[in-house]
Amino acid sequence: MATIYIDNKPYVVKDRQNLLQVCLSLGFDLPYFCWHPAMHSVGACRQCAVKLFRDEKDTRGKIIMACMTLAKDGIRISIDDPEAKKFRAGITEFLMTCHPHDCPVCDEGGECHLQDMTVMTGHTYRGYRFRKRTHRNQYLGPFLHHEMNRCIACYRCVRFYCDYAGGRDLNAFQCGNRVYFGRHEDGVLENIFSGNLAEVCPTGVFTDKTFRRHYTRKWDLQTAPSVCVHCALGCNTIPGERYGTLRRIHNRYNGEVNGYFLCDRGRYGYEFVNGNRRIRGPLLRGPGGGEARPCTRGEALSRMEEALHTPGRLIGIGSPRASLESNFALRTLVGKDRFFSGVSERERKLSAAALEILQRGPARTPSLHEIRRADAVFIIGEDVTNTAPIMALTLLQLVPCKKVALARSLQIEPWDDMSFREAIQQECAPLYIASAAPTGLDDEATRVYHATPDDVARLAFAVAHVLESGVPGMEGLPENVSGLAGEIACALKEAERPLVISGIGGGSLSMIEGAAAISRALRSVCGKGELSFLFPECNSMGLALMGGRSLAEAREVLREGDADTLVILENDLFIRDAKPAVEELLKSAQHIIVVDHTHNRTSERAELVLPASTFAEGSGTLVNSEGRAQRFYRVFVPDGDIRESWRWIQDMISISGRGEAAGWKVLDDIAGAMAREMPEFEAVTRIAPPADFRISGEKIPRQPHRASGRTAMHAHTDVHEPMPSDDLDSPLAFTMEGYGGQAPPALIPRFWSPGWNSVQAVNKFQQEIAGPLKGGDPGQRLIEPAEGVKSASPDKIPEAEGLRPGEWLLVPLYHTFGTEEMSVLSSSVAERVPAPYLALCPEDALSLGIGEGEAAELIASGEAQQRIRVRYLKGLPRGVAGLPVSLPGVGMIDLPQKVSLVIPAKTADTGKV
Amino acid sequence: METPITKNIRAGNGPPDLKSYEWAGGYRAVRKALTGMTPQAVQDAVTASNLKGRGGAGFPTGKKWAFVPMGAEARRPKYLVVNADEMEPGTFKDRLLLEGDPHQLIEGAIVSAYALEAEIAYIFVRWEYREAARRVARAIVEARGAGYLGSNILGSGYNLEIYLHVSAGRYICGEENGLLDALEGKRPIPRSKPPFPQTCGLWGRPTVVNNVETICNIPHIVNNGADWFKSLSRSEDGGTKLYGASGRVKRPGLWELPMGTSLREIIEEHAGGMREGFSFRAAQPGGASTEFLPKEQIDVKMDFDSVQKAGSRLGTGTIIVLDDRTCPVGAVHNLEMFFARESCGWCTPCREGLPWVREILWSIEEGRGEAGDLERLETQCWQLAPGHTFCALAPGAVEPLQSALKIFREDFDRHIREKRCPWK
């Protein structure tokens, strides 16, 4: 610890930090632009100037930049020094010389860091009387709007996009005050983290283009703490609503999870909430199928009663994208043995295996924050960039410990971003990737190994064996593979915090077991190492914890006539299983009830469709890949009968004449019931303050105290101001009245603090800058490895397996934009979704004589033949073909599996589909 | 009077080729240093010679070198970079050395690199110096052919490669750290110090950046010793200096003279005095980024300390003379136009302040000046002072302005008062 003096008062602060970070952590208002808590200091904007004094007698002092100065013991500075204040005001005046002052028409207005800092420095009158320099704006794709004239050249955008997120198509051009931030030409920004520019940019140069289409001021947005539903990482978000429309998603800082950034799928996937495929009211369909007709809630309930009249004839299909509470309600309705997890047999098996490994230990599943500190990583079979983007962003930041030590030996602290990068020469921590197909992180990897899933697993087992005994110890392992195994083992062993990542995405149990074997070896030999499994969807982990049988088994139960009524919770079965299998399942049910928020092929088959809330209209709990349970809260009250799924199911339980659900008045009740029934969910009752929590007797308002127009919003129908809806489920209220101070971390509906209207207000909510939120980062871990348990019996090492001629191993491919079911319904994301394709390595395609863009017939056993265009994918192993998972237009095939390909005979119009 | 660094240069002739350079005693220093001296001994000789950097800042070369980690533990490769990105307006001294005697530069680079135990040297040449680049490139080929470059040079076990890099052509590339960025293929932005390049420079490795003229002095120091070098000078700083003069003097040009020759002697004797009808009003002693010295200071000795005491900087030692028939406001505007254009755009005061300064000066020159403009300019000078900006470009850019506001105050006032330029 160091004692520093700020305006002659002593403060005890952490060692080795810079003065700006220290001052902000201490709660001082010191303005800044180029510094960013995640990207650190570069000293460009000169805004955080303070006065440095040699000692107590020094009265002159000199101006220094707080962000570039080490807060070393005994240092004396002044923030209030008149000269420092004059300097800071002067810098703001400089920044504003060519700024258009177009706040009234700027999307950033009201949450603009430049506005806040201008007010903070006291610059009010502009002395610059000359012509302003102007720029041309660019088209940057569906996510971001570009308005370069507002730029104050803080360089944050390029530092985030290129240095932090690894992007290549945004840069600084020109020099002097003509410096320009954009692409080399108009076009779509390719990096999947581009949307963060809207939050990183301190003013309105990069703004959310989707928000712009239905724009409203920040102070008019109704917001609530939420959790992203577009992958299994559970990034914390702040969705904003007005007039019943979800307007945008902002990042909600959680030190343990997403930190400061979101991926573009998470930020822009929200539009499905407003989409025209939403189920907005109950629908009935006649026995013969056909068009469904809207019905009243009463009608729906009576049809429900008919369908549910025979007890014991019911089965329920849960969902990895529905909340724990909704899944639990369904499980209660149908009973434990008749609850099916609603995922494919393969996924259920892999999830259960991964979960068991994590519960058994000894390796622990790390949070994203902990992953940030890893210094050697081996990824087995997951395309992290496309299945869990923010984890990939985290992995891009890893720096080997010895490099930090090297920099420190040169008197460079990691926060001195430019010098630090120069000293370590962008050298990342060792990152090894073994997978069946190329992944988004391949370019960043130390070494990459592409082979069939079984061969990848064999490499993993070989690594484990090297760790344990020093040799790969496997028959028939090619020399290059055993060499690689030795190299990986060495890197993991040398690291202080080695990390193994695998997941469900590779579709291979042996890869998961291989990853487990390595982490076990690391733990037993070196006593270190963490293990992270990626799950596919926002509540896949929660569903795995809840158990439930697979869809294939549901089919079996129906086929055997043990059930006739199917209740499907928020699930499109056609993306879970092959079409013929799903058809069989649906056909064997007499009654199908679907509770969902969005129409899909499954809901089209239901005789009763009940409108469920999305994450924005309901509250609930999701469990992320780490095993962290997190609460999301209703952002706004939807029109009509849209309710949380568990409330519909609660009706079904009551209608069946049972009493289990009678006590479920609010979310806490059902969560409590769940915790009693399944002790693994006990911590869920502690993830947030209960619904009756109040501060000074008040609820926490979802609307800012500056929200406008509430007496006018409904004036066209009624001049009387309506009573605000009550929220029984949470301590949050749908009004602007209530407790104005800082809410407990799990209940923070937005970051705002006096003088801090932009996202940077998060500074005021943290215990220290970039540290945990005051009161601790929200969420509760449900999985901790069992202690003292020795490893189970050794896993079976897969045999190296060849392919027969004419046989192809089809493996899954993932796309940030395209793989996830809900986000593709968002119009902005849809623009980025690729057309369906089948990937072949160029060599294979050449030997087949098929050109890029030409069609091939894909024949998988027991499934319909698909005709699909071929795309060349370098890095795919010979004999392996890739198929994008869940991409719109691609039929569901259980992957990986062996398939055959038929190349249609070429005619005059070659390859035209 | 000895003129060691220009002795091989003959006006109108091409540069000496390897043979003639060797015949004139060239590459003796390489032989002497590599076969008879330790790197430390070379460093000691340079330190003892009191050679100060000729790029403008005048930092003692020996001291600069001493910060480089030496021995087996130093991180490698180490680099020597010769800064030949001469782009300061009014400065053209390095060009003479590059075009006139490229082998001298190569020899200096070899000896300097040896002193630093550097394995790789770059010669970073200004984009516009095409002829210089051609001649240096040829000299490198010749030197390599003769075994002065490559591995095991002259059987000493020392290895060195020299590469020529032609800059992309921006003033900021001549700034020590901007130069390193440019060499790395990045956008040239000065870096924060510390760390200094000597410990963390090119590609994060120990690096020394020296000016062309500095490097050209090294072989002579090695050959003749520190005492000889000091004896060349008329001041505390060792050696000779290339002085230049431009402006309305009779014979604008470049002369190698003892360090500490007076400004008067350079202008009146070597440059032949002012042209008919013009009289001396002030001068910038060392390029566009140095403060004006008024007529009263004409007897100042042109060495680093003396010029500093007189209120300016020796800089590059190439004098720009301002005569009595040129508008000082227009002259300063012309300078600021250059600096505003060449700001890299990294830090706010320089990026936004210099264009503003340029606009105010132009409006004063055009007769649109307003009351308060001069105070505004003074504030800008403060805001762009050393330490307030990221690198030395902006403080250098406002040095002439700051002095002009003092020396030519009445001229500025007249412009604003009369709403016109009195020289037009």
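Please read all numbers here as calculations on a predicted model, not as lab measurements. Computed from heavy atoms alone, side chains included, the values below leave out hydrogens, waters and symmetry copies. Residue numbers start from 1 in every chain, and the chains themselves are labelled A, B, ... in the order their sequence lines are given, proteins ahead of strands.
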Proximity of residues 91-101 of chain A to chain B, residues having a non-hydrogen atom under 4.5 angstrom: A:Ile91, A:Glu93, A:Phe94, A:Leu95, A:Thr97
Should the pair B:Arg358-B:Glu336 be classified as a salt bridge under the 4.0 Å nitrogen-to-oxygen rule? no
Carboxylate-amine/guanidinium contact B:Glu128 B:Arg126, below 4.0 Å: yes
Chain A contacts: which residues in residues 389-396 of chain B have a non-hydrogen atom closer than 4.5 Å to it? B:Thr389, B:Phe390
The reported gap from NZ in B:Lys419 to CD in B:Glu370 (rounded to nearest 0.5 angstrom) is 7.5 Å
Is there a side-chain hydrogen bond (donor to acceptor under 3.5 Å, both in side chains) between A:Tyr161 and A:Asp169? Walk through the geometry before answering. CA-CA 9 Å; A:Tyr161 195 88; A:Asp169 58 334; 2.5 Å; yes
Most contact-rich option vs chain B, by heavy-atom pairs under 4.5 angstrom, among A:Arg133, A:Glu83, A:Arg421, is A:Glu83
Heavy-atom distances under 4.5 Å only: say whether A:Asn171 touches chain B with side chain, backbone, both or neither. neither
With respect to chain B, which residue among A:Arg178, A:Lys62, A:Gln411 yields the maximal number of heavy-atom pairs within a distance under 4.5 Å? A:Arg178
Side chain from CB out, backbone as N, CA, C, O: work out which of these in B:Pro206 comes under 4.5 Å of a heavy atom of chain A, or both, or neither. neither
Test item: B:Glu88 side-chain N/O and B:Ala288 main-chain N/O as donor-acceptor pair under 3.5 Å: yes
Which of B:Pro188, B:Pro194, B:Pro355 touches chain A most, by non-hydrogen pairs under 4.5 Å: B:Pro355
For chain A, which residues of residues 174-186 of chain B have heavy atoms nearer than 4.5 angstrom: B:Asp181, B:Glu184, B:Lys186
Do the side chains of B:Asp373 and B:Arg368 get close enough for a salt bridge, i.e. N-O under 4.0 angstrom? no
Given B:Trp346 and B:Arg351, is the side chain to side chain contact (heavy atoms under 4.5 Å, CB included) satisfied, shown in steps? CA-CA 7 Å; B:Trp346 177 248; B:Arg351 180 185 65 241; 5.9 Å; no
Write down the atom of B:Trp356, the atom of A:Gly127, and the distance for their closest heavy-atom approach. CZ2-C, 3.5 Å
Max heavy-atom pairs within cutoff under 4.5 Å with chain A, candidates B:Pro69, B:Ala340, B:Ser363, goes to B:Ser363
With a 4.5 angstrom heavy-atom cut-off, could you sort out which part of A:Phe130 is near chain B: side chain, backbone, both or neither? side chain
Would you check, one step at a time, whether the test side-chain hydrogen bond (donor to acceptor under 3.5 Å, both in side chains) holds for A:Ser78 with A:Asp81? CA-CA 5 Å; A:Ser78 169; A:Asp81 176 83; 4.8 Å; no
Please check if the side chain of A:Asn137 supplies one atom and the backbone of A:Met148 the other of a donor-acceptor pair under 3.5 Å. yes
From the list B:Arg75, B:His388, B:Glu352, the residue making the most non-hydrogen contacts under 4.5 Å with chain A is B:His388
Report the option among A:Lys86, A:Gln47, A:Met68 that has the most heavy-atom pairs separated by less than 4.5 Å from atoms of chain B. A:Lys86
What parts of residues 375-384 of chain B touch chain A if we use heavy atoms and a cut-off under 4.5 Å? B:Arg376, B:Thr379, B:Gln380, B:Trp382, B:Gln383, B:Leu384
Mind checking the CD-CG spacing from B:Glu291 to B:Leu401? Nearest 0.5 Å is all I need. 10.0 Å
Provide the closest heavy-atom pair for A:Cys157 versus A:Val200 in the form atom of the first, atom of the second, distance. N-CG1, 4.4 Å
Please find the pair of heavy atoms, one from A:Met117 and one from A:Tyr32, that lie closest to each other, and give the distance. SD-N, 3.5 Å
Do B:His165 and B:Tyr122 have their ring centres less than 6.0 Å from each other? no
Where is the tightest heavy-atom contact between A:Val179 and A:Ala153, given as atom of each residue plus distance? CG1-CB, 3.8 Å
Under 4.5 Å from any heavy atom of chain B - which part of A:Phe173: backbone
For the backbone of A:Ile64 and the side chain of A:Lys51, can you confirm whether one donor and one acceptor N or O come within less than 3.5 Å of each other? no
Main-chain N/O of B:Glu399 paired with B:Ser403 side-chain donor or acceptor, under 3.5 Å: yes
Side chains of B:His333 and B:Met337 in contact at under 4.5 Å (non-hydrogen atoms): yes
Keeping the roles fixed (side chain from A:Arg150, backbone from A:Gly204), state whether a donor-acceptor pair exists under 3.5 Å. yes
At a heavy-atom separation under 4.5 Å, does A:Phe87 approach chain B through its side chain, its backbone, both, or neither? both
A:Asp55/A:Arg76 salt bridge by N-O under 4.0 Å criterion: no
Provide the closest heavy-atom pair for B:Cys327 versus B:Glu365 in the form atom of the first, atom of the second, distance. SG-OE1, 3.1 Å
What's the spacing between B:Glu366 CD and B:Cys421 SG if we round to 0.5 Å? 9.5 Å
Charged N to carboxylate O under 4.0 angstrom, B:Glu119 versus B:Arg76? yes
Using non-hydrogen atoms and a 4.5 Å limit, figure out which bit of B:Arg341 sits close to chain A: side chain, backbone, both or neither. both
Most contacts with chain B, counted as non-hydrogen pairs under 4.5 angstrom, among A:Ala172, A:Ala407, A:Cys154: A:Ala172
